[in-house]
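In what follows, chains carry the letters A, B, and so on, assigned in the order in which the sequence lines appear, proteins first and then strands, with residues in each chain numbered from 1. Computed from heavy atoms alone, side chains included, the values below leave out hydrogens, waters and symmetry copies.
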Amino acid sequence: MANEITKDEINAVFPTVAETMADALGCDVDDIKLDVSLIEGLDAESIDFLDMVFRLERAFKIKIPRGKIIDNARGSLTEAEFEQKGVLTPIGLKQLRSYLSEIPTDRFADPMKVKDIPRLFTPETFCKLVVQAQREAKAAV
Amino acid sequence: MADGADHFAAFSFVDRITEFVPARSARGVFHVPATIPAFPACLVAEAVGQLAAWVSMEHIAYRGRPVAALAGETRFLGDVAPGDVLQLAVEIDDADDDAVSYRGWADVAGERVIELNDCLGPMLPVADFDAPEALRERFFLLRGAGARPDRFRGVVAPAVAAVEHVPGKSMRATMIVPASAAFFADHFPRRPVFPATLLLDSQIRLAAALARDVLGLPEGDFPVASRMTHVKMRAFIVPGQRVDALAEVMATQGSAIRIALSARDGEGKTIATSRVEFNPPAS
């Protein structure tokens, strides 16, 4: 990414992200670690992702279009370059690994289905989403 | 399965849409029939949600319809009686093919009776639930002369049998959703789904019984639900399904009490979660 999101930016939004996620998932805020898998570690389901994004929009007064994480991950690749018939292309997988650089490499399946991407998401993924949306909002002013 | 006479009647709570700004807002009216025994607060919330559904479906040309999923906060501000006229209002924050987010309220005779904030319903393909053309025609009617009032004949709440009561802490109950009911023909004609608002109504009654016990109120005196938050529907409930409901005290503060609600299917999978707050009845 040309303008990489820094640790400081992530740490700045993490406390609010953690509180928001704990509220959405009905768990203790201490359970929300930056690197915990939301699906496998905290039993999040697709409705919880919708809830979290909805809450983050209000908490940070930002707009997060649905599907934004995948869009951000795809970067400059076209949809056909990124995935074919629901499976990431080799260049798509490389791009995803680069975008989700905080996720250990062994958690990426190869080949990887698009529908399995959310299994990788952690609170840090959502922190990056918030920071990106804040940057875009600032740039639009 | 679906009785045509029940479509847009057995579980439809907008008689007329009086003001309409595409994709942004609407005002509507529903006449609560004087002939039914009661009109619970959850059905008032349903009426507000249905008005939001009309705005969002019209906006996306009936490709999708929203289903109940998240309701951040519902404030119960007053009772609605048979014969009352609900003035409904919704303000749409965002609506597209994926979801609608909105807030809304209902007034009776100029007094606010309910307020919904931070609601979100994901859109599902409308043709799975209803005939898009029938919905389009219905919207045209609601925007014009309006529907004939007094179509609604009431609903029979599923029996909720308490199976376990830990005094001061929790109450567990089992309910069986009816295998057939008139409202299934309206909610929805092509795919019957037990309305989330009826589940919430049953859960509030269970929580009220627990709150009464905790607050030490005399037999027959039930506390009043003042606010519901964190409503999250995770799965559809189908006709004939067994639902296990649990109400657990989260906190008490003075004479107010907050209760966590959850509902699970027969296999233990969570269907719905929410929180409800009670105040003691006004003396």
Side-chain angles (χ1 to χ4, degrees), chain A residues 16-32 38-74 79 86 114-115 117-119 121 126 129-130 133-134 136-137 140, chain B residues 52 56 60 63-64 66-73 91-103 116-124 196 199 228-237 246-248 250-251 258-265 267-276:
Chain A
T16 306
V17 170
E19 256 177 56
T20 306
M21 287 187 155
D23 207 23
L25 295 170
C27 65
D28 202 285
V29 74
D30 293 337
D31 295 335
I32 310 289
L38 290 167
I39 289 181
E40 279 140 27
L42 295 171
D43 296 328
E45 298 177 359
S46 56
I47 184 72
D48 297 310
F49 286 115
L50 199 64
D51 191 8
M52 286 186 281
V53 167
F54 191 42
R55 287 168 187 269
L56 289 171
E57 286 184 326
R58 283 171 286 151
F60 288 96
K61 299 190 181 0
I62 51 174
K63 232 24 241 166
I64 304 174
R66 275 160 280 281
K68 183 70 173 162
I69 298 182
I70 308 279
D71 280 356
N72 284 355
R74 202 171 72 214
E79 223 168 298
V114 174
K115 73 173 176 60
I117 295 178
R119 304 194 81 83
F121 294 167
F126 283 80
L129 191 66
V130 168
Q134 286 177 325
E136 285 170 13
Chain B
S56 60
I60 62 162
R63 288 185 297 275
V67 292
L70 305 173
E73 180 189 48
E91 296 289 324
I92 306 293
D93 296 324
D94 204 8
D96 57 25
D97 276 88
D98 290 324
V100 55
S101 56
Y102 66 95
R103 64 192 175 88
L116 279 71
N117 295 308
D118 300 328
C119 298
L120 184 136
M123 293 285 188
L124 294 179
L199 172 72
M228 197 161 202
T229 64
H230 296 76
V231 173
K232 190 181 294 191
M233 299 300 302
R234 293 176 178 275
F236 285 140
I237 301 172
L246 175 65
E248 293 173 290
M250 291 179 77
R258 190 161 76 241
I259 290 176
L261 297 168
S262 61
R264 292 173 189 273
D265 65 14
E267 273 136 34
K269 186 172 164 30
T270 303
I271 303 166
T273 47
S274 58
R275 298 174 192 177
V276 62

Taking atom [atom1] of [X] and atom [atom2] of [Y], what is their separation to the nearest 0.5 Å?
X         : Y         : atom1 : atom2 : value
Thr273(B) : Asp48(A)  : OG1   : CG    : 8.0 Å
Ile47(A)  : Thr270(B) : CD1   : OG1   : 13.0 Å
Leu25(A)  : Lys232(B) : CG    : NZ    : 6.0 Å

What part of [X] gets within 4.5 angstrom of chain A, counting heavy atoms only: side chain, backbone, both, or neither?
X         : result
Leu70(B)  : side chain
Asp94(B)  : side chain
Ala260(B) : neither

Considering non-hydrogen atoms only, spot the tightest contact between Cys119(B) and Phe54(A) and give its length. O-CZ, 3.7 Å

Under a 4.0 Å N-O cut-off, is there an ion pair linking Asp118(B) with Arg55(A)? no

Closer than 4.0 angstrom, basic N to acidic O: yes or no for Lys269(B) and Glu45(A)?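 Looking at Glu45(A) together with Lys269(B), the answer is yes, because their closest N to O distance falls below 4.0 Å.
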
